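The structure presented is a predicted model; accordingly, all values stated were derived computationally and were not measured. Below, chain A is the first sequence line, B the second, and so on; all start at residue 1.
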2 protein chains.
Amino acid sequence: MSDPLELLRARYGAAHVPGSASRYAPEAINPVLETLLAHRSVRGFRSDALPGGTLELLIAAAQSAPSSSNLQTFSVVSLEEPERKARVATLAADQNFIREAPLFLAWLVDLSRLQHIASAAGVTAEGLEYLDTFLMGAIDAALAAQNVVTAAESLGLGTVYVGALRNRPLEVARELGLPKSVFPLFGLAVGRPDEARPASVKPRLSQALVLHREQYGTTPIDSGIESYDALIAEFNRSQNLPPARWTERTLERVRTASALRGRDELREQLVVQGFELK
Amino acid sequence: MSDPLELLRARYGAAHVPGSASRYAPEAINPVLETLLAHRSVRGFRSDALPGGTLELLIAAAQSAPSSSNLQTFSVVSLEEPERKARVATLAADQNFIREAPLFLAWLVDLSRLQHIASAAGVTAEGLEYLDTFLMGAIDAALAAQNVVTAAESLGLGTVYVGALRNRPLEVARELGLPKSVFPLFGLAVGRPDEARPASVKPRLSQALVLHREQYGTTPIDSGIESYDALIAEFNRSQNLPPARWTERTLERVRTASALRGRDELREQLVVQGFELK
């Protein structure tokens, strides 16, 4: 069992561990908290197949997550066949870890079941035409997927999300045979971490920047961002990466529409796939 | 420790437990899986304050969740003051459990930090104007919030999401002092469950309807939905609720725009709050 205070120091930097250290005493920490706090995204997988039944257990964890009004507006396509997985990897920014991982889950906003029920009953389904309902499906899918991340890590597996599944979503939809009212939201690669390429706990912004008490804070955030920049530069150095600050990477990512790598077309693509987004 | 097979029977109905039962033998289950599988939403809270440091520990779990490109596009406002919490309860469909719970977390899509960084650097932030970036923030927030649900349950606390925080989001934004580029996504009530009003594991659709292998399934779903309808009617009966089928409740919820309770205006409200959603 890892020392929780060590995990928190890795997460926030030694100077920014939040709250009272006594909460992080080993006897105050349970295996669930330890799993959550120790999260790291894995991008180097061994190719071993997962033990039989793992997929079903992960999906049971996913479906145990809350669902808005119990409408269950998500579905998953699981990919294990190497060739289809490789084609999807190519569509998703050509990321090789998708080919490596024995399991890739494509998480879908799925309003088609509700559409089907309404058609079968001969009633309207106006609610499905609104942006809020798409958003509800996205939230449902994200809650479910995060349960899979936690479940997988408890089993010694590693995961990484793939937002690039939205770079070319209509091609992904064709590859997966998605009907109207179903849209690929993000991917999740799952497999046994390759110990030769270990992942590290990524530092985050201090709680002072993210958690606001009673009202949204109005205190200046520059010094908090400056010290986070230094923390990230040091983290990158420790990973043998160029010591870029957070601010630099972030500005590259948001400066132009073209940095979205096709995702600036999401709205039009959702309409094509049957989401009116009123 | 609960019997995991019992939890799966409650989740799917005895006839639809997925995969091989051997995966659910007590020795194959760890405390993390048990926590995830045993989830139930709590709507009856005791008013006891949470132990000191709990909030910081929950937020550390939240920030340990993955974040797209590490952009960390969410924030949280924590509400503990009874009067403000009561006003927010009124805005969020007047749900009394928000008043009861000692802690209410308002989860926010927050692009204002990135906007601030870009302004300070004197560069554009075109990427923030797109629907995909709002969606990214919503997914970031949902992954983080779900870690809080899991962490809270491991500490013996209960939670329930509040999608109705989007019923009157601009009023919520005023109450919480949200600046432009920050939007209330959903709430989460947290507290000690009131044993006098226990919550139950809610049955879900069978995996055959939600999990698709390699490609989205084309087999008819009517018989699966019919048996789920029976399962939900039985569940409602066991809770001393009217024995409504899933289909009925679902159709009520999606039939008309007015059933969205104001959320049909989400798009316009996001624009007012500074999200262009290009």
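Only the side chain of Thr35(A) comes within contact range of chain B, with heavy atoms under 4.5 Å apart. Looking at Asp140(A), there are no atoms closer than 4.5 Å to chain B (heavy atoms on both sides), in backbone or side chain. Both the backbone and the side chain of Thr256(A) come within less than 4.5 Å of a heavy atom in chain B. Contact of Glu80(A) with chain B is made through backbone and side chain together, with heavy-atom distances under 4.5 Å. Neither the backbone nor the side chain of Ser258(A) comes within less than 4.5 Å of any heavy atom in chain B. In this structure, chain B has a heavy atom under 4.5 Å from the side chain of Ile225(A), while its backbone stays farther away. Proximity to chain B is limited to the backbone of Pro203(A), based on heavy atoms less than 4.5 angstrom apart. Of the two parts of Tyr216(A), the backbone and the side chain both hold a non-hydrogen atom closer than 4.5 Å to a non-hydrogen atom of chain B. With a 4.5 angstrom heavy-atom cutoff, Val123(A) touches chain B only via side-chain atoms. Heavy atoms of Leu7(B) lying under 4.5 Å from chain A are absent altogether. Only the side chain of Leu8(A) comes within contact range of chain B, judged by heavy atoms closer than 4.5 Å. Only the side chain of Arg166(A) has a heavy atom closer than 4.5 Å to any heavy atom of chain B. With a threshold of 4.5 angstrom between heavy atoms, Leu205(A) approaches chain B through its backbone and through its side chain. Only the side chain of Val182(A) has a heavy atom closer than 4.5 Å to any heavy atom of chain B. Proximity to chain B is limited to the side chain of Ile232(A), based on heavy atoms less than 4.5 angstrom apart.
Of the residues considered (Tyr130(A), Phe186(A), Phe134(A)), Tyr130(A) shows the highest number of contacts with chain B, using heavy-atom pairs under 4.5 Å. Heavy-atom pairs under 4.5 Å with chain B were tallied for Gly52(A), Pro51(A), Ala62(A), Ala106(A); the largest tally goes to Gly52(A). Most heavy-atom pairs under 4.5 Å with chain B: of the set Ala125(A), Pro66(A), Ala142(A), this distinction falls to Pro66(A). Note: Leu185(B) leads Thr247(B), Thr218(B), Leu185(B) in heavy-atom pairs under 4.5 Å with chain A. Among the candidates Lys278(B), Arg40(B), Glu129(B), Arg255(B), the residue making the largest number of heavy-atom pairs closer than 4.5 Å to chain A is Arg255(B). Note on Glu153(B), Glu265(B), Lys202(B), Glu268(B): by heavy-atom pairs under 4.5 Å with chain A, the leading option is Lys202(B). Among Ala38(B), Gly127(B), Ser64(B), the residue with the largest count of heavy-atom pairs under 4.5 Å with chain A is Ser64(B). Annotation: maximal heavy-atom pairing with chain A below 4.5 Å, among Leu266(B), Leu176(B), Leu143(B), occurs at Leu143(B). For the set Ser69(A), Ala120(A), Ala121(A), the count of heavy-atom pairs under 4.5 angstrom toward chain B peaks at Ser69(A). Your options are Ala259(B), Ala144(B), Ala257(B), and the one with the most heavy-atom pairs under 4.5 Å with chain A is Ala257(B).
Note that the CG atom of Leu55(B) and the CG atom of Leu211(A) stand 5.0 Å from one another [nearest 0.5 Å]. To the nearest 0.5 Å, atom CG of residue Leu36(B) and atom OG1 of residue Thr150(A) are 6.0 Å apart. For the atom pair Arg213(B) CZ and Glu81(A) CD, the distance stands at 12.0 Å (nearest 0.5 Å). Remark: Gln63(A) CD to His39(B) NE2 distance equals 13.0 Å, nearest 0.5 Å. Leu105(B) contributes atom CG, which lies 12.5 Å from atom NE2 of His212(A) (distance to the nearest 0.5 angstrom). The CD1 atom of Ile221(A) sits 4.5 Å away from atom NE2 of His116(B), with the distance rounded to the nearest 0.5 Å.
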Practice prompt. Given side chain to side chain contact (heavy atoms under 4.5 Å, CB included), test Leu155(B) with Leu33(A) step by step and report yes or no.
Written response: CA-CA 9 Å; Leu155(B) 293 166; Leu33(A) 291 167; 3.8 Å; yes
Worksheet item: Run the side chain to side chain contact (heavy atoms under 4.5 Å, CB included) check on Trp246(B) and Ile117(A) step by step: do they pass?
Response: CA-CA 10 Å; Trp246(B) 183 65; Ile117(A) 293 169; 3.4 Å; yes
Discussion item. Run Arg113(A) and Val210(B) through side chain to side chain contact (heavy atoms under 4.5 Å, CB included) and show every step you take.
Written reply: CA-CA 10 Å; Arg113(A) 275 191 298 267; Val210(B) 171; 4.0 Å; yes
Discussion item. Under the criterion side chain to side chain contact (heavy atoms under 4.5 Å, CB included), I'd like the reasoning laid out for Leu131(B) against Leu270(A): C-alpha separation, chi angles, the key distance, then a yes or no.
Written reply: CA-CA 11 Å; Leu131(B) 174 61; Leu270(A) 276 163; 3.9 Å; yes
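Contact record, Ala138(B) with Leu135(A): CB-CD1, 3.7 Å, taken as the closest heavy-atom pair. In plain terms, the two heavy atoms of Tyr12(A) and Ile59(B) that are nearest each other are OH-O, 3.7 Å. Closest approach of Ala61(B) and Leu37(A) over heavy atoms only: N-CD2, 3.8 Å.
When side chains are defined from C-beta on, Glu214(B) counts as touching Leu79(A), because their heavy atoms get closer than 4.5 Å. Contact check for Val254(A) versus Thr133(B): no side-chain heavy atoms found under the 4.5 Å cut-off.
Here the side chain of Arg267(B) pairs a donor or acceptor atom with the backbone of Leu277(A) at under 3.5 angstrom. Within the 3.5 Å criterion, the main-chain N or O of Asp132(B) finds no donor-acceptor partner in the side chain of Arg263(A). Proximity of a side-chain donor or acceptor of Gln72(A) to a complementary backbone N or O of Arg204(B) within less than 3.5 Å is not detected. Listed for the Gln215(A) side chain is a donor-acceptor partner under 3.5 Å among the backbone atoms of Glu175(B). Between the side chain of Gln146(B) and the backbone N or O of Ala65(A) there is no donor-acceptor pair closer than 3.5 Å.
Annotation for Arg84(A): atom CZ counts as buried by contact number, over 12 foreign heavy atoms lying within 6.0 Å. More than 12 heavy atoms of other residues, nucleotides or ligands shown are found within 6.0 angstrom of CZ on Arg245(A).
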